[in-house]
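Right, one structure below, let's go through it.
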Amino acid sequence: MEGQNNLWGREKIQNRRKDYSKDFTNFLILDIETIRDTQMIDDIHDQKILKKLEEDENYFIPHPYHRIVAVSIMSIKMPDGDTIFKSFASEDEKRLLELFWEYYLKAHSFGVYKTQNGDRKKAISRFPVLITVNGKDFDLPVIKLRSLKYIPDFPDHKKFIISTYLDRFDKWENDYPRYTMHHTKFHIDIPIDIFNKKISLKNLCYLCGIPVKQEGDGSKVQNYFDNGELEKIAKYCAEDVKATALLFAYINKHLLYETYLFPDMEFIKSLDGDIQVL
């Protein structure tokens with residue numbers, strides 16, 4: 001029939017979805033908690049920021065002034081469902097950033113290839129898909145910015161993996177991700193990429209019937225930190241990561257018709273984060 005190739009039946013749509021997502025087997029759900037870097041605010045002495053803080057104590061300071069005090073990650077590798085779920089809180093921001101890049105690297109899968117000399121070398125076989133809520137506009141920019149402060153002292157392999165995160169040479173992402181591009185296939189920011197709006201995790205979870213934020217809220221992170229209650233910050237951060245994973249599982253089932261090979265909600269509910277204060 002003329003024009004048959006231009007018709008989109010259910011089977012054709014489902015096959016195209018599977019073809020699109022067939023290489024997406026590794027997922028990294030992440031979240032950070034931050035406080036104001038008061039030392040940086042004092043040292044830079046930006047009059048505009050100082051005035052804003054004087055006028056409004058809840059003023060949301062620019063990204064470079066956010067000091068990271070907790071990092072949570074959930075790494076899932078399909079089809080086996082191999083999972084790492086950890087949450088770290090510390091006064092040592094450098095340590096937290098090193099741990100983030102370490103677990104970002106572990107979220108990849110690896111294979112072995114032979115060089116022309118016959119040597120066997122380790123190589124990346126699968127890159128992780130990042131899953132966040134507002135992570136494209138906050139978490140990842142802050143992680144990259146704050147890494148600048150400590151990167152001269154990072155081990156070489158961590159510097160290299162950061163450099164791979166910044167790579168942009170595969171224009172169409174046929175074989176290699178472009179994480180820093182806003183429309184990359186390798187970072188699903190749920191509010192932006194699915195709903196085209198900035199929406200809070202709490203609001204999205206409420207609409208999906210997912211419990212969230214039982215350990216306090218973001219406005220209390222500074223108080224927790226000042227009182228030395230780092231474990232509460234780590235637990236709070238872990239709750240956000242678990243809620244984000246549940247939210248994506250819900251959306252993948254009900255809106256995306258399981259386009260992605262991602263665990264179901266019951267599997268995510270069964271996971272408990274390893275909470276660590278460093």
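A donor-acceptor contact shorter than 3.5 Å links the side chain of Asn227 to the backbone of Asn223. Within the 3.5 Å criterion, the main-chain N or O of Phe24 finds no donor-acceptor partner in the side chain of Ser21. Judged by distance alone, the side chain of Asp37 and the main-chain N or O of Arg67 form no donor-acceptor pair under 3.5 Å. Put simply, the side chain of Asn15 gets close to the backbone of Glu11: a donor and an acceptor are under 3.5 Å apart. Proximity of a side-chain donor or acceptor of Ser87 to a complementary backbone N or O of Ser72 within less than 3.5 Å is not detected.
Looking at Thr132 and Leu30, their side chains come closer than 4.5 Å, going by heavy atoms from C-beta outward. Taking 4.5 Å as the limit, some side-chain heavy atom of Tyr176 sits within range of a side-chain heavy atom of Asp167. No side-chain heavy atom of Tyr150 sits less than 4.5 Å from a side-chain heavy atom of Glu98. Side chains of Trp101 and Ser147 form a contact here, defined as non-hydrogen atoms less than 4.5 Å apart. Side chains of Leu140 and Tyr179 form no contact here, defined as non-hydrogen atoms less than 4.5 Å apart. A 4.5 Å side-chain heavy-atom check between Leu99 and Ile73 finds every atom pair outside the cut-off. Within the 4.5 Å cutoff, side-chain heavy atoms of Leu105 are placed close to those of Phe110.
Both Leu53 and Met40 are part of a single hydrophobic cluster, where members link through side-chain heavy atoms under 4.5 Å apart. Tracing side-chain contacts under 4.5 Å through hydrophobic residues (I, L, V, M, F, W, Y), one reaches Leu247 starting from Phe195; they form part of the same cluster. Residues Val133 and Tyr206 do not share a hydrophobic cluster, defined by chaining ILVMFWY side chains whose heavy atoms lie under 4.5 Å apart.
By the 4.5 Å side-chain criterion applied to Ile, Leu, Val, Met, Phe, Trp and Tyr, Ile192 is assigned to no cluster and stands alone.
Asp23 pairs by the side-chain contact (heavy atoms from CB on, under 4.5 Å) definition with Arg126, not counting sequence neighbours. Here Asp31 pairs with Glu33, Asp139, Cys237, Asp240, Val241 under the side-chain contact (heavy atoms from CB on, under 4.5 Å) rule; sequence neighbours left out. Every residue meeting the salt bridge (Lys or Arg N to Asp or Glu O under 4.0 Å) condition with Lys106, not counting sequence neighbours, appears here in chain and number order: Glu102. The side-chain contact (heavy atoms from CB on, under 4.5 Å) test applied to Lys159 returns Ile151, Phe154, not counting sequence neighbours. Residues passing the side-chain contact (heavy atoms from CB on, under 4.5 Å) test with Thr180 are Lys144, Tyr165, Leu166, Arg168, sequence neighbours excluded. In this structure, Ser125 has no side chain to side chain donor-acceptor pair (under 3.5 Å) partners at least two apart in sequence or on a different chain.
Atom NZ of Lys48 has 12 or fewer heavy atoms from other residues, nucleotides or ligands within 6.0 Å.
Residue pairs meeting the ring pair (Phe, Tyr, Trp, His ring centres under 6.0 Å) criterion with at least one partner in residues 67-97, sequence neighbours excluded, are Phe88-Tyr103. Within the structure, salt bridge (Lys or Arg N to Asp or Glu O under 4.0 Å) contacts touching residues 110-122 (residues at least two apart or in different chains) do not occur. Applying the salt bridge (Lys or Arg N to Asp or Glu O under 4.0 Å) test to residues at least two apart or on different chains, the pairs with a partner in residues 173-197 are Lys136-Asp193.
The distance from the CD1 atom of Ile199 to the CD1 atom of Ile190 is 10.5 Å, given to the nearest 0.5 Å.
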Ignoring hydrogens and angles, write down the donor-acceptor pairs under 3.5 Å from the side chains of residues 56-63, residues two or more places apart or on other chains.
| residue | atom | partner | partner atom | Å |
| --- | --- | --- | --- | --- |
| Asp56 | OD1 | Asn58 | N | 2.9 |
| His63 | NE2 | Asp137 | O | 2.5 |

When the side chains of residues 257-278 are checked against the rest of the protein, which donor-acceptor pairs come out under 3.5 Å, sequence neighbours left out?
| residue | atom | partner | partner atom | Å |
| --- | --- | --- | --- | --- |
| Thr259 | OG1 | Leu256 | O | 2.6 |
| Asp264 | OD1 | Glu266 | N | 3.3 |
| Asp264 | OD1 | Phe267 | N | 2.9 |
| Ser270 | OG | Phe267 | O | 2.6 |
| Asp274 | OD2 | Lys86 | NZ | 2.8 |
| Asp274 | OD2 | Gln276 | NE2 | 2.8 |

Should His66 and Leu145 be marked as a side-chain contact (heavy atoms from CB on, under 4.5 Å) after you check the CA-CA gap, both sets of side-chain angles, and the distance that decides it?
CA-CA 9 Å; His66 285 262; Leu145 283 165; over 6 Å; no
